[in-house]
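Report on the structure given below.
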Amino acid sequence: MIKVSVVGAKGRMGSHVVEAVNTAEDTSLALALDAGDDLAQITPDNTDVVVEFTVPAVSLENVLTLVAQGVDVVVGTTGWTDEKLDQVRAALAKAPREDQSVFIAPNFAISAVLADYFAKVAAPYFESAEVIELHHPNKVDAPSGTAIHTAHAIAEARRDAGLGEVPDNTQTDGGSRGQVVDGIHVHAVRLRGLNAHEEVLFGNAGEQLTIRADSFDRISFMPGVLLAVRKIASHTYPGLTIGLDHFLNL
């Protein structure tokens with residue numbers, strides 16, 4: 001039985017994680033902590049894996065604290081920069097256990113992970129590429145971590161194929177072209193009624209490919225969360241791992 005503690009247990013995602021951990025046959029809930037609770041309660045004696053779903057403003061400090069306490073961490077909070085990731089790597093290098101793990105997922109939905117993978121496969125074959133992500137208005141970061149990850153994947157695939165920059169002859173732009181991430185335009189929509197959605201648009205002369213992933217309910221993320229918990233609990237992924245694709249044999 002994998003003992004799981006949840007940080008951010010009262011949040012929109014955290015509450016679903018608590019339910020999923022309680023429902024799964026191979027996991028048990030150790031601690032359910034939220035804002036103001038002392039993370040020192042979490043130890044290797046009572047917890048195998050911590051699932052951290054909070055907000056970008058506190059997630060890094062939470063992860064660094066948990067690593068120092070000798071526990072493995074699965075992170076669903078977004079807003080991770082290269083600088084923050086380097087701090088996690090540095091903390092793991094000094095962690096109490098040599099095989100200690102931190103896993104960070106831009107998205108836990110299997111559909112989103114597959115869409116990201118398909119986009120990387122398609123990228124070398126198209127002249128143009130843009131990413132549109134659509135979420136509810138309570139999402140605190142824009143563009144989403146998933147969209148940023150997708151843009152980087154497309155850009156990497158294009159570079160590996162020897163392609164140049166995506167053509168864009170816009171002369172006047174008041175911000176409508178979105179944020180440019182690694183040379184790829186990324187657009188963020190925030191609209192009541194949406195949950196989590198992403199479209200990747202590819203274009204050539206006379207043709208277009210659209211890859212779209214839709215998560216209509218947060219329950220769609222729970223199989224990915226439990227998969228990550230099981231993989232990290234196996235102690236076969238030491239250090240920092242980013243992206244659920246590492247666990248899907250893609």
Side-chain angles (χ1 to χ4, degrees), residues 2 4 6-7 13 16-17 20-21 24 26-27 47-53 56 59-60 62-64 66-67 71-93 95 97-124 131 133 143-160 181-182 184 196 198 200 211 213 215 218 220-250:
I2 305 170
V4 181
V6 180
V7 176
M13 283 294 294
H16 281 284
V17 174
V21 169
D26 58 344
T27 59
T47 300
D48 296 313
V49 180
V50 179
V51 178
E52 203 271 0
F53 266 106
S59 185
L60 174 61
N62 286 345
V63 172
L64 297 180
L66 293 166
V67 168
V71 293
D72 297 324
V73 190
V74 168
V75 185
T77 309
T78 57
W80 291 88
T81 63
D82 289 340
E83 180 183 358
K84 290 182 178 180
L85 294 174
D86 285 342
Q87 291 186 59
V88 175
R89 293 186 182 97
L92 285 167
R97 292 191 352 254
E98 289 187 359
D99 64 345
Q100 214 164 311
S101 304
V102 171
F103 172 76
I104 299 175
N107 199 309
F108 280 103
I110 304 300
S111 60
V113 176
L114 289 173
D116 190 74
Y117 174 75
F118 296 150
K120 188 172 183 177
V121 172
V131 179
E133 56 96 342
S144 67
T146 301
I148 291 173
H149 190 267
T150 301
H152 284 306
I154 293 170
E156 180 183 2
R158 289 177 60 86
R159 285 191 293 268
D160 290 345
V181 178
D182 208 356
I184 307 298
E198 181 179 270
V200 187
I211 300 170
S215 289
R218 293 183 180 89
S220 65
F221 305 120
M222 294 307 108
V225 171
L226 292 174
L227 173 62
V229 166
R230 293 171 181 131
K231 292 292 187 179
I232 293 304
S234 71
H235 301 299
T236 55
Y237 295 88
L240 177 62
T241 303
I242 302 172
L244 202 64
D245 52 299
H246 291 282
F247 304 150
L248 295 181
N249 299 318
L250 297 177

Any side-chain heavy-atom pair from Glu156 and Asp182 closer than 4.5 angstrom?
no

State, with a plain yes or no, whether a side-chain heavy atom of Asp86 is found less than 4.5 Å away from one of Thr81.
no

Donor-acceptor under 3.5 Å (Asp72 side chain, Ser101 main chain)
yes

Can you confirm whether more than 12 heavy atoms, excluding those of Tyr117, are under 6.0 Å from its OH atom?
no

So which atom in Val121 and which in Pro124 form the shortest heavy-atom distance, rounded to 0.1 Å?
O-CD, 3.3 Å

Kindly indicate whether the side chain of Thr78, heavy atoms from C-beta on, has any atom under 4.5 Å from the side chain of Pro106.
no

Would you give the length of the straight line joining atom CG of Leu66 to atom CD of Glu52, rounded to the nearest 0.5 angstrom?
7.5 Å

Before you tell me yes or no, could you show the steps for Ile148 and Val131 under side chain to side chain contact (heavy atoms under 4.5 Å, CB included), namely the whole-Å CA-CA distance, both residues' side-chain angles and the distance that decides it to 0.1 Å?
CA-CA 9 Å; Ile148 291 173; Val131 179; over 6 Å; no

Does Phe108 reach the side chain of Leu226, with side-chain heavy atoms less than 4.5 Å apart?
no

How far apart are the closest heavy atoms of Glu98 and Pro238, and which atoms are they?
O-CB, 4.4 Å

Measure the CG-CD1 distance between Asp116 and Ile154 for me, rounded to the nearest 0.5 Å.
8.0 Å

Kindly determine whether Thr150 and Glu198 satisfy side chain to side chain contact (heavy atoms under 4.5 Å, CB included), including the steps that lead there.
CA-CA 10 Å; Thr150 301; Glu198 181 179 270; 3.1 Å; yes

Non-hydrogen side-chain atoms of Val21 and Ile2 separated by less than 4.5 Å
no

May I ask you to test the Leu85-Ile104 pair for a side-chain heavy-atom distance under 4.5 Å?
yes

Can you find a pair of side-chain heavy atoms, one from Met13 and one from Met222, that are under 4.5 Å apart?
yes

Side-chain contact test, heavy atoms from C-beta onward, threshold under 4.5 Å: evaluate it for Trp80 versus Val75 and give yes or no.
yes

Rounded distance (nearest 0.5 Å) linking atom CZ of Arg97 with atom CG of Leu92
10.0 Å

Output all residues satisfying salt bridge (Lys or Arg N to Asp or Glu O under 4.0 Å) with Arg218, sequence neighbours left out; order by chain, then residue number.
none

Hey, could you give me the CG/OG distance between Asn107 and Ser220, rounded to the nearest 0.5 Å?
7.5 Å

Atom pair CG/NE2 of Asp245 and His149 - distance to nearest 0.5 Å
5.5 Å

Expected output: side-chain Glu133 to main-chain Ser144 donor-acceptor under 3.5 Å
yes

Examine Phe53 together with Phe221 and report whether their ring centres are nearer than 6.0 Å.
no

Which distance, rounded to the nearest 0.5 Å, do you find between the CG of Leu227 and the NE2 of His246?
12.5 Å

Knowing that exactly one of Leu240, Val74, Val51 qualifies, which makes a side chain to side chain contact (heavy atoms under 4.5 Å, CB included) with Phe103?
Val74

Would Leu244 and Ile110 satisfy side chain to side chain contact (heavy atoms under 4.5 Å, CB included), going step by step from the backbone distance to the final call?
CA-CA 8 Å; Leu244 202 64; Ile110 304 300; 3.8 Å; yes

